[in-house]
Amino acid sequence: MTTKIRKAVIPAAGLGTRVLPISKVMPKEMLPIVDKPAIQYIVEEAVRSGIEDILIITNRGKGIIEDHFDHAVELEHRLAATGKKEMLDQIRSLAHLANIYFVRQKETRGLGHAINCARSFVGGEPFAVLYGDDVILGDDPACGQLCRVYGEYGCGVVGIKEVTEEQVQRYSSLKVDLLRDNLYKVTDMVEKPSPDKILSLYSVLGRCVLPPDIFDILDRTPPGAGGEIQLTDAMCTLARRSGMTGVDFTGTRYDMGNKLGILQATCEVALRHPEVGDDFRAYLKELVKTL
């Protein structure tokens, strides 16, 4: 089995109930962070990590995601005719970031069910999963950090962070033992634990690299929290069987399924933006004087 991770899956089929009403008509993955939709940052992270083929799992009403990564011939012609070469190159590049494919999750039955929709795309290879809710920005792409660790240890890898007790009950909790530096051995996990089931304050956040046998495990995984097939439950079986590796990744994570997370991402990216960063910083300095 090759340890070069060539394929990635981005589940983007959630209903976005935490960011209603905008998500009624706009997929949360397309919510802008300044001038790019959230999912573009995720795709760019995968590409920077060496990923060649990307499968985005959508559902009804999310065709706008496909359109974003396709050519817009009329727009491109207009930009070319008006001499806006830099903008034209940006727009054209979206269709060539990677080999991007799409499949619909026809029933919203949980993250585990969504990942199982990628079985034929993945084949017999290990693959990365980049959650569509999570934008992680940093000099060293988080997905690439996990891919390197998979190459070293040859077992499933999860991106982890220490969170608050309140957050861990909304996410997941892991049983971890330090290996070295920011790497941990993961031997158990639980999705959305009650207070008495918390294993640690480390939680899976947004990224993992999985071996192909996760699909057989998913086939045998019964519905869990929320009556849905949970990927965490399948990874728990994997962790208990052969262990997984946890990477306390570097980079800043923004929860794009959360209204505060969207605002934080927009504000912090705007401050670094080459076009508006200086003006936005000056605006914020004046604004805070009124608070």
Side-chain angles (χ1 to χ4, degrees), residues 11 14 18 45 110-112 114-115 126-138 140-211 213-214 217-218 220-258 260-261 264:
R18 291 184 293 156
E45 177 195 329
L111 181 58
I115 295 302
F127 65 103
V129 178
L130 299 88
Y131 295 19
D133 279 351
D134 293 285
V135 171
I136 302 174
L137 301 181
D140 186 8
C143 178
Q145 295 174 48
L146 271 63
C147 289
R148 293 196 298 269
V149 171
Y150 189 97
E152 180 178 354
Y153 286 90
C155 63
V157 184
V158 284
I160 66 174
K161 283 289 179 186
E162 198 166 13
V163 299
T164 66
E165 186 168 339
E166 186 272 332
Q167 288 173 322
V168 87
Q169 293 175 64
R170 291 189 284 112
Y171 299 151
S172 59
S173 179
L174 311 182
K175 183 177 181 181
V176 297
D177 294 294
L178 182 65
L179 291 171
R180 71 168 195 270
D181 303 324
N182 64 332
L183 300 185
Y184 296 80
K185 185 173 183 62
V186 179
T187 53
D188 202 358
M189 62 183 73
V190 58
E191 177 78 6
K192 294 181 174 61
S194 56
D196 60 314
K197 302 287 188 184
I198 293 174
L199 302 171
S200 77
L201 293 182
Y202 277 100
S203 185
V204 179
L205 289 185
R207 302 291 182 267
C208 53
V209 177
L210 300 171
D213 52 344
I214 194 69
I217 297 173
L218 281 167
R220 298 190 296 271
T221 300
E228 297 180 332
I229 299 173
Q230 298 291 346
L231 180 61
T232 302
D233 293 342
M235 290 194 296
C236 175
T237 299
L238 194 64
R240 290 175 177 176
R241 175 189 299 172
S242 54
M244 299 183 73
T245 308
V247 179
D248 188 350
F249 56 83
T250 61
T252 303
R253 169 187 173 265
Y254 302 100
D255 181 357
M256 295 301 293
N258 175 285
L260 180 59
Q264 290 169 330

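Every value quoted in this text rests on a predicted model; they were computed, and no experiment measured them.
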Task: Closest heavy-atom pair and its distance - Leu183, Leu178 - done: O-CD1, 3.5 Å
Task: Pairs flagged by side chain to side chain donor-acceptor pair (under 3.5 Å) wherever residues 156-166 is involved - sequence neighbours left out - done: Lys161-Asp248, Thr164-Gln167, Glu166-Arg170
- [ ] Flag the pair Glu191 / Leu111 as yes when at least one side-chain heavy-atom distance between them is below 4.5 Å, and no otherwise.
- [x] no
- [ ] Search all heavy atoms of Ile214 against all heavy atoms of Met235 and return the closest pair with its distance.
- [x] CD1-N, 4.1 Å
Task: Validation row: Leu231, Leu210 side chains within 4.5 angstrom (heavy atoms) - done: yes
Task: Non-hydrogen atoms of Met189 and Ala239 that approach each other most closely - done: CE-CB, 4.3 Å
TODO: Could you go through the side-chain contact (heavy atoms from CB on, under 4.5 Å) check for Val204 and Met244 one step at a time?
DONE: CA-CA 12 Å; Val204 179; Met244 299 183 73; over 6 Å; no
- [ ] Find the distance between OH (Tyr202) and CD1 (Ile160) and round it off to the nearest 0.5 Å.
- [x] 6.0 Å
- [ ] Measure across Cys155 and Tyr150 and return the closest heavy-atom pair with its distance rounded to 0.1 Å.
- [x] O-CD1, 3.0 Å
Task: Residue pair Phe127 / Pro211: nearest heavy atoms and the distance that separates them - done: CE2-O, 4.1 Å
Task: Ile136 side, atom CD1; Asp255 side, atom CG - distance, nearest 0.5 Å - done: 10.5 Å
Open item on the list: Given 3.5 Å as the limit, does a donor-acceptor pair link the side chain of Gln264 with the main chain of Tyr254, or not?
Closed with: no
Task: Crowding at NZ, Lys175 (>12 non-hydrogen neighbours, <6.0 Å) - done: no
- [ ] Going by the side-chain contact (heavy atoms from CB on, under 4.5 Å) test, name the single residue among Leu199, Val163, Asp188 that passes it with Ser173.
- [x] Leu199
Open item on the list: Under 4.0 Å between a side-chain nitrogen and a carboxylate oxygen: does that hold for Arg180 and Glu152?
Closed with: yes
- [ ] Test Tyr153 against Leu179 for side-chain contact (heavy atoms from CB on, under 4.5 Å), laying out the working first.
- [x] CA-CA 11 Å; Tyr153 286 90; Leu179 291 171; 4.1 Å; yes
Open item on the list: Counting C-beta onward and ignoring hydrogens, is there a side-chain heavy-atom pair between Thr232 and Val190 closer than 4.5 Å?
Closed with: no
TODO: Kindly indicate whether the side chain of Thr237, heavy atoms from C-beta on, has any atom under 4.5 Å from the side chain of Arg220.
DONE: no
Open item on the list: Could you measure the distance from the CG atom of Asn258 to the CG atom of Asp134? Nearest 0.5 Å is fine.
Closed with: 10.5 Å
Task: Main-chain N/O of Val247 paired to Arg207 side chain as donor or acceptor, under 3.5 Å - done: no
Open item on the list: Minimum heavy-atom separation for Tyr171 and Ser203, please, with both atom names.
Closed with: CB-OG, 3.0 Å
Open item on the list: So, taking the atom named CZ in Arg241 and the one named SG in Cys236, what distance separates them when rounded to the nearest 0.5 Å?
Closed with: 11.0 Å
TODO: Find the distance between CG (Leu218) and CG (Asp213) and round it off to the nearest 0.5 Å.
DONE: 10.0 Å
Open item on the list: A side-chain contact here means heavy atoms from C-beta on lying under 4.5 Å apart; do Cys208 and Tyr131 qualify?
Closed with: yes
- [ ] To the nearest 0.5 Å, tell me how far Ile115 CD1 sits from Ile229 CD1.
- [x] 12.0 Å
